[in-house]
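Below you'll find the structure, written out as structure tokens, and then a few comments.
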Amino acid sequence: MDKNVDISLTVNGQEVTRRVPARTNLVDFVRYELELTGSHVGCEHGVCGACTIRVDGAIVRGCLMLAAQADGATVETIEGVSESTEIADLQKAFHERNALQCGFCTPGFLLTAQELLSQNPSPSRDEIREFISGNYCRCTGYQAIVDAIERVAGERQAAG
Amino acid sequence: MKPAPFAYVRARSLDAVFDLLDEHGDDARILAGGQSLMATLNMRLSAPEVLIDINHIDGLSGIEVNNGKVRIGALTRHNAIAASPIIAEHAPLIAQAMPHIAHQAIRNRGTFGGSIAFADPAAELPAVSRAVGADFILQGRNGTRTVAANDFFLGLFETAREPEEVLVAAEIPVIPANEKTAFTELARRHGDYAIMGVAAQGSADGGNFSNIRLAFFGAGDRPILAQAANAALEGQPYSDATVAAAQEALGADLDPMDDLNGPPEMKMHLARVVTARVLAELAS
């Protein structure tokens, strides 16, 4: 059988059509085919969260979903949500609170934090920690990441 | 690592799946949520020739309650189950287990049926399904058959599902008014596979335990219903002596494996710890 697949999908608002090996996972597809290298490849078995990508409005592991499965889907990467300014306040807070050092995990944390705040606008620190438990950071010790997310929750609440 | 090359087929009907399973036999794997399968493919623990994607087959997902049973379609995602008022009211043990299943991004994709069919002995839902007394509906070209959770898990990643069958749904008895539930799991990081865990359901009405089902995960080559411990609890009041008797009986129920988490002795100790915790919760 043919081990390639034709796919058409929307990535960051643009229609994309490609023929890819069926085994290509979604994060490799956006990185190598589309040159959107903000999504990172860490563990490749769903543990680290560096490859977090949004598919049809919900975050997924980019390493545990095939590009072929995204045929017909709407995909958003860190580049897309950054460009649209959807997460500008989170990015500012991460920067100001030193919630990143090497930055490898940061795109995954930002997309995860955005999904948390969209579902639970005023999470407790424990709820923040539980929600980000699927994302590894090896630099910061998480305290500053929780601080940054908590701060943005408060700012968004205050802004109504 | 990257998976070995394979072909990918997006099936639109169960008949199409049966055709592909007939044609490719053991060279084909069914792809549901993929949250365990993709990891094993990436690590090249498995190298199928064909992946049959069942995510676009209508009628395989959804939650409904009918005639005293909650039916969960095999493709129902974990986060849909976690958000379901039907599950919270009628199958609360499943609702309690949900936050422990991996992480948000994985719960957005992972499916109930996938977790059951994959049958990881350290996963939550196979053990929960034994504690609640679930039935699994398996469909083949010639119809469906029902297999009780207690007869479904045969060994490490091994189940009663025949290669030409698809797991299409689970049916869980609505929790009786006199039963309670408890769930405890020990893991290195929230959401990781359990080092040891137990799902429990049964009655503590009138001060005595009755029909308690302790089902362990991370405790052997499959989810284990602790029959000796459950028998030791029957008719007994919650007390230090009763807890100790159940803990003692676990020696006949569990045979944990040595793995990266630690030796069997440590796991038996942890099994006794989580047993004490769920019994306290059931009695409270």
Side-chain angles (χ1 to χ4, degrees), chain A residues 1-7 20-28 32 41 43-73 108 111-116 118-120 126-127 129-136 142, chain B residues 1-11 20 23-24 27-28 31-56 77-80 82-83 98-111 114 187-193:
Chain A
M1 289 179 80
D2 192 351
K3 292 183 174 169
N4 296 291
V5 183
D6 293 309
I7 58 173
V20 297
R23 68 172 182 151
T24 309
N25 65 36
L26 184 58
V27 66
D28 282 340
Y32 297 115
V41 179
C43 71
E44 299 192 304
H45 63 280
V47 174
C48 78
C51 63
T52 304
I53 292 175
R54 209 152 66 183
V55 177
D56 292 332
I59 55 169
V60 303
R61 294 285 201 246
C63 72
L64 297 184
M65 183 170 176
L66 298 170
Q69 291 183 284
D71 181 34
L111 283 164
T112 303
Q114 178 66 0
E115 183 150 315
L116 168 64
S118 71
Q119 295 181 1
N120 180 359
D126 280 349
E127 286 171 332
R129 281 191 176 273
E130 185 169 328
F131 206 93
I132 64 173
S133 67
N135 293 69
Y136 272 141
Y142 303 102
Chain B
M1 279 167 61
K2 312 299 178 191
F6 48 75
Y8 166 91
V9 182
R10 185 177 282 198
L20 288 159
E23 186 181 345
H24 297 285
D27 290 333
L31 175 61
Q35 301 302 285
S36 299
L37 179 59
M38 283 301 304
T40 64
L41 298 183
N42 288 350
M43 290 188 272
R44 300 208 179 196
L45 298 173
S46 172
E49 284 289 309
V50 185
L51 283 192
I52 306 168
D53 186 350
I54 61 170
N55 282 276
H56 297 267
R77 315 263 173 209
H78 296 317
N79 270 339
M98 276 298 147
H100 297 273
I101 298 174
H103 315 285
Q104 173 72 9
I106 289 173
R107 291 194 296 266
N108 279 338
R109 286 293 295 170
T111 66
R188 278 193 182 268
R189 174 180 69 153
H190 182 93
D192 283 359
Y193 276 111

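All heavy atoms count here, side chains included; hydrogens, waters and symmetry mates do not. Each chain gets a letter, A, B and so on, in the order the sequences are listed, and its residues count up from 1.
- Between chain B and the residues A:Asp28, A:Thr52, A:Thr112, the largest count of heavy-atom pairs under 4.5 Å involves A:Asp28.
- The candidate from A:Ala22, A:Pro21, A:Gly46, A:Ser133 with the greatest count of non-hydrogen atom pairs under 4.5 Å with chain B is A:Ser133.
- Both the backbone and the side chain of A:Val47 come within contact range of chain B, with heavy atoms under 4.5 Å apart.
- In this structure, the portion of A:Val5 lying under 4.5 Å from any heavy atom of chain B is its side chain and not its backbone.
- The pair A:Glu44-B:Lys2 meets the salt-bridge criterion, with a side-chain N (NZ, NE, NH1 or NH2) lying under 4.0 Å from an Asp/Glu carboxylate O.
- Only the side chain of B:Leu51 has a heavy atom closer than 4.5 Å to any heavy atom of chain A.
- With rounding to the nearest 0.5 Å, the separation of CZ in B:Phe6 from CD in B:Glu49 is 11.0 Å.
- Looking at B:Leu31, only its side chain comes within 4.5 Å of chain A, counting heavy atoms on both sides.
- Residue A:Asn4 does not touch chain B at all, counting heavy-atom pairs closer than 4.5 Å.
- Between the side chain of B:Arg107 and the backbone N or O of B:Ala102, at least one donor-acceptor pair lies under 3.5 Å.
- Annotation: maximal heavy-atom pairing with chain A below 4.5 Å, among B:Ala7, B:Gly191, B:Gly34, occurs at B:Ala7.
- For a residue to count as touching a neighbouring chain, one of its non-hydrogen atoms must lie under 4.5 Å from one of that chain's; by this rule A:Gln69 touches chain B with backbone and side chain alike.
- Across every non-hydrogen atom of B:Asn108 and B:Arg77, the tightest pair is O-CD, 3.3 Å.
- Between A:Met1 and B:Val9, some side-chain heavy-atom pair lies under the 4.5 Å cut-off.
- Taking A:Glu115, A:Arg54, A:Arg129 one by one and counting their heavy-atom pairs under 4.5 Å with chain B, the maximum is reached by A:Glu115.
- Judged by a 6.0 Å distance limit and a 45° cone about the ring axis, B:Arg189 is positioned over the six-membered ring of A:Tyr136.
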Quiz item: Where do B:Met38 and A:His45 land on the side chain to side chain contact (heavy atoms under 4.5 Å, CB included) test, with the steps shown first?
Solution: CA-CA 7 Å; B:Met38 283 301 304; A:His45 63 280; over 6 Å; no
